[in-house]
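Reminder, nothing fancy here: chain letters follow the sequence lines and each chain counts from 1.
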There are 2 protein chains.
Amino acid sequence: MKKQNDKTILDLARTLQLSPATISRALNNNPNVKAKTRERILEAASELGYRKNTLASGLRSNKSNTIGLIVPRISMFFHAVVITEIQNLLHQQGYNLIICQSNDSLQLEKELADTLYASRVDAVIVACTLHTTEYTHFDKLLHNGIPVVFYDRVPIVPYEATMVKGDDEKGGYLAGKHLIENGCTRIGYISGPLTCSLYKERTAGFLRALEEQGVSLNPKWTFYQELTYDNAMHALNSMFTSDRTPDGIFTANDLSAIATIDFTRQKNILVPEQLKVIGYSNDPRSAIITPSITTIEQFPVKVGQQVVEKLLHILQQPRQTAIETEIVVTPVELIKRTSA
Amino acid sequence: MKKQNDKTILDLARTLQLSPATISRALNNNPNVKAKTRERILEAASELGYRKNTLASGLRSNKSNTIGLIVPRISMFFHAVVITEIQNLLHQQGYNLIICQSNDSLQLEKELADTLYASRVDAVIVACTLHTTEYTHFDKLLHNGIPVVFYDRVPIVPYEATMVKGDDEKGGYLAGKHLIENGCTRIGYISGPLTCSLYKERTAGFLRALEEQGVSLNPKWTFYQELTYDNAMHALNSMFTSDRTPDGIFTANDLSAIATIDFTRQKNILVPEQLKVIGYSNDPRSAIITPSITTIEQFPVKVGQQVVEKLLHILQQPRQTAIETEIVVTPVELIKRTSA
DNA sequence: TTGTACGCGTTATCAC
DNA sequence: GTGATAACGCGTACAA
């Protein structure tokens with residue numbers, strides 16, 4: 001019925017003829033324990049299969065050794081890799097990770113922030129939804145001393161938190177420059193909504209490259225929309241209605257680039273001869289499709305490392321140093337393949 | 001400094017002139033509270049922004065409302081989808097999910113089982129590593145009343161737990177049958193290690209199909225190995241050394257099938273004309289590569305649903321009903337594409 | 001260096 | 001239907 005097997009520090013205290021306080025100290029590496037006593041205790045602990053009750057410990061110390069993560073979806077390759085890295089590093093430090101998916105729903109993101117708060121997590125890591133433009137649902141976390149670290153999709157308005165983001169401006173710039181250097185003059189653009197930091201910056205960089213080279217973007221070939229396969233197809237169909245058609249397209253994710261390749265097959269458009277295509281993220285599919293897709297690598301492992309590094313740094317601080325805005329930018333790189 | 005803002009049921013009790021017990025009852029839908037009283041309480045709770053401390057609650061009730069999940073890697077598409085489904089369904093029921101990755105390391109799997117046990121999770125969901133052939137590290141969970149549900153990669157020896165698995169025998173059979181029906185007579189096979197339930201069963205089904213049609217498997221074209229890209233390439237190289245070469249290959253995952261396609265390009269072998277290829281899992285990449293790969297769909301969403309259904313059923317039972325072995329088999333389906 | 005005693009917030013068990 | 005109170009297991013002032 002009950003968990004009869006569960007030993008507590010009281011059990012240890014009894015068998016060792018010591019006080020529970022000493023047991024607790026020994027187990028928490030408190031220096032005020034004689035080396036020999038500690039040894040005896042640790043030995044007995046593993047002997048009896050003692051395991052600390054993290055709930056009781058957390059209740060007392062107001063720490064749960066658990067960190068929450070909110071992410072749009074784990075099935076996106078980029079996020080899967082980032083999360084894996086975060087999880088492995090945190091596990092090494094003795095932290096548990098609660099992973100939650102917002103499914104790109106702002107409503108759900110708010111709910112999850114609440115749940116994590118109620119679960120007394122020690123910190124929260126967030127990649128926002130596509131539609132998160134205000135961040136008040138994270139306020140109560142921050143105001144109660146629970147650090148929040150954003151990554152990838154970060155707040156687009158000033159917000160006092162730590163952020164780790166890819167160099168999206170540069171990524172957009174590299175894409176634009178590469179298209180033009182390869183002779184494109186009639187350029188199409190499929191972007192995500194500008195409410196999201198990623199696309200706002202990719203767009204800025206992309207436009208900077210075009211301007212620099214004196215190429216202008218045709219508004220009729222420019223789309224800001226959720227980056228689904230179907231949406232890309234619609235955009236492409238409308239781009240290729242008149243006689244004058246694009247000779248280069250930059251899509252702000254790889255899924256849209258894949259849709260573009262599929263579209264060119266249907267319409268017998270030759271890639272890269274008649275149309276050059278650049279995607280974003282270096283999704284594994286972009287390397288496998290024919291023609292393989294030129295894209296922007298985001299180094300997800302590095303992103304994960306940075307997130308954890310910053311987080312541990314904050315957690316080690318003597319609690320409640322003033323919240324500051326810190327922005328870490330991780331590198332990007334153009335991966336040249338066949339499509340451009 | 002402190003979390004001054006945190007209201008407790010004592011705060012509620014004080015402001016409402018009620019006892020903490022009543023507050024607790026109202027908040028937990030205990031019927032022994034007058035409807036009107038409950039209303040007052042709930043109102044005051046949301047008014048004051050009360051949030052139950054799940055640590056304290058868990059300490060007292062010996063439940064954490066948290067469920068642990070151990071999986072080889074979340075970046076595998078199949079698992080990502082299963083986990084997403086599990087996570088969404090459990091969230092609806094008020095459970096948190098701690099996701100852990102074993103990276104296919106038995107050592108780490110054991111460690112994670114321990115950690116989850118120490119975290120007082122209410123249940124554990126497991127997809128084993130490739131190398132898990134004994135299951136004693138889950139014993140202490142089961143013996144302490146923590147249910148364990150296996151899915152996908154399940155124990156290959158009798159073990160008293162609930163398991164949700166794909167119909168791998170049928171999947172293997174469908175693959176074998178399809179190859180032969182399409183005229184293959186010289187058949188190669190790249191499988192995972194037979195220590196893993198998946199490959200053991202896929203192999204059994206595959207062999208059954210061959211036997212049924214009177215086709216025999218050439219041992220020189222049969223490989224049991226970890227299913228990486230490089231390993232597949234090695235196997236293929238050795239299959240295609242002599243004059244007599246296979247005209248059909250079944251690979252027990254899609255990554256190996258993708259490697260096979262790449263290999264045929266290098267060697268100018270025509271697929272499906274000279275060689276037919278069937279993979280397993282319906283990874284998104286298998287649909288995108290040229291030629292697209294015929295494969296076996298495993299319906300990950302259904303797997304996730306079954307896991308949660310069984311789990312909730314167990315959790316609702318009056319605790320510690322005898323542990324029983326229950327096996328749920330989820331469907332598979334042949335997806336016909338170009339490669340076969 | 002070690003022991004005593006109390007509190008963390010909730011729920012279970014009694015009483016009424 | 002409601003209240004008083006003792007646990008749950010651990011950490012930490014304070015005392016020794």
Side-chain angles (χ1 to χ4, degrees), chain A residues 1-41 44-45 48-65 117-120 122 144-145 319, chain B residues 1-42 45 48-66 94 117-120 122 144-145 319:
Chain A
M1 212 62 227
K2 275 272 193 60
K3 308 200 180 177
Q4 313 275 12
N5 291 345
D6 274 1
K7 306 285 181 246
T8 75
I9 51 173
L10 281 134
D11 295 321
L12 287 181
R14 212 173 303 126
T15 42
L16 290 175
Q17 301 287 24
L18 285 167
S19 87
T22 308
I23 311 289
S24 174
R25 282 191 276 260
L27 262 30
N28 290 301
N29 297 319
N30 184 313
N32 290 338
V33 182
K34 197 165 40 170
K36 188 157 182 190
T37 313
R38 159 175 293 119
E39 226 170 90
R40 276 177 62 210
I41 294 178
L48 297 182
Y50 167 81
R51 229 163 275 287
K52 113 152 64 169
N53 186 325
T54 55
L55 269 56
S57 167
L59 174 60
R60 186 58 236 253
S61 62
N62 217 12
K63 286 195 185 326
S64 63
N65 258 29
Y117 176 62
S119 304
R120 300 301 195 273
D122 292 344
N144 283 323
R319 193 97 178 140
Chain B
M1 208 66 227
K2 274 275 193 57
K3 307 200 183 176
Q4 314 273 15
N5 289 345
D6 274 2
K7 304 285 180 247
T8 75
I9 50 174
L10 283 141
D11 295 322
L12 288 181
R14 211 172 305 125
T15 41
L16 291 175
Q17 301 287 27
L18 286 167
S19 88
T22 307
I23 311 289
S24 175
R25 281 191 279 261
L27 261 30
N28 291 298
N29 296 319
N30 184 314
N32 289 337
V33 182
K34 199 166 35 171
K36 187 156 183 189
T37 312
R38 157 173 296 117
E39 223 170 275
R40 276 177 63 212
I41 295 178
L42 292 181
L48 297 182
Y50 167 81
R51 228 163 276 286
K52 115 148 71 168
N53 185 323
T54 55
L55 268 56
S57 169
L59 174 60
R60 183 59 235 228
S61 63
N62 215 15
K63 286 197 186 324
S64 63
N65 257 31
T66 297
Y117 176 60
S119 305
R120 300 300 196 275
D122 292 345
N144 283 323
R319 195 95 177 138

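Residues A:Leu12 and A:Tyr50 have side chains in contact (heavy-atom distance under 4.5 Å, counting atoms from C-beta outward). Annotation: side chain of B:Ile41 is in contact with side chain of B:Leu18 (closest heavy-atom distance under 4.5 Å). A 4.5 Å side-chain heavy-atom check between A:Asn53 and B:Arg120 finds at least one atom pair inside the cut-off. With contacts defined as side-chain heavy-atom distances shorter than 4.5 Å, the pair B:Lys34/B:Thr22 does not qualify. Between B:Ile9 and B:Leu27, the closest side-chain pair of non-hydrogen atoms falls below 4.5 Å.
Applying the 4.0 Å criterion to OP1 and OP2 of D:dT2, one finds that B:Asn32 has every side-chain N and O outside that range. Side-chain N/O atoms of B:Lys52 include one lying less than 4.0 angstrom from OP1 or OP2 on C:dT11. In terms of phosphate contacts, A:Thr37 brings no side-chain nitrogen or oxygen within less than 4.0 Å of OP1 or OP2 of C:dT1. The phosphate of D:dG11 (OP1 or OP2) has a side-chain N or O of A:Asn28 nearer than 4.0 angstrom. In this structure, B:Ser19 reaches the D:dG3 phosphate: one of its side-chain N or O atoms is under 4.0 Å from OP1 or OP2. The side chain of A:Ser57 contributes an N or O atom lying less than 4.0 Å from OP1 or OP2 of D:dG11. Between A:Tyr50 and the phosphate of D:dG9, there is no side-chain N or O to OP1/OP2 separation shorter than 4.0 Å.
Here the side chain of B:Thr22 is nearest to one of D:dG11, C:dT1, D:dT2, namely D:dT2. Listed nucleotides: D:dA4, D:dG9, D:dT12. Nearest to the side chain of B:Leu59: D:dG9. Of all nucleotides listed (D:dG11, D:dA4, C:dT10), C:dT10 comes nearest to the side chain of B:Leu10.
When each of A:Ala56 and A:Arg25 is assigned the nucleotide of DNA chain D with its nearest heavy atom, A:Ala56 is the one assigned upstream, toward the 5' end.
Separating the CG atom of A:Leu12 from the C1' atom of D:dC10 is a distance of 12 Å, rounded to the nearest angstrom. One can place CG of B:Leu16 at 12 Å from P of D:dT2, the figure rounded to the nearest angstrom. Rounding to whole angstrom units, CD1 of residue A:Ile41 and P of C:dT1 are separated by 13 Å. Protein atom CG of A:Asn29 is 14 Å distant from nucleotide atom C1' of D:dG11, rounded to whole Å. In this structure, A:Lys7 places its NZ atom 15 Å from P of D:dC8, rounding to the nearest Å. Across the protein-nucleic acid pair, B:Leu18 atom CG and D:dT2 atom P stand 7 Å apart, rounded to whole Å. Whole-Å rounding puts the A:Asn30 CG to C:dT2 C1' distance at 11 Å. With rounding to whole Å, A:Ile9 atom CD1 is found 11 Å from D:dT12 atom P.
Among the protein residues, B:Asn53 comes within range of the sugar-phosphate backbone only, with heavy atoms under 4.0 Å from sugar or phosphate atoms but none that close to a base. If you check every strand for non-hydrogen atoms under 4.0 Å, A:Leu55 touches nothing. A:Ile23 comes within contact range of no nucleotide atom at all, as no heavy-atom separation falls under 4.0 Å. As judged by a 4.0 angstrom heavy-atom cut-off over every strand, A:Ser24 is placed among the base-contacting residues. When heavy atoms are screened at a 4.0 angstrom cut-off, B:Thr54 is found touching no nucleic acid atom at all.
With hydrogens and angles left out, the side chain of B:Arg60 and the base of C:dA12 share no donor-acceptor pair within 3.5 Å.
In this structure a side-chain-to-backbone donor-acceptor pair under 3.5 Å is missing from A:Asn30 to A:Ala26.
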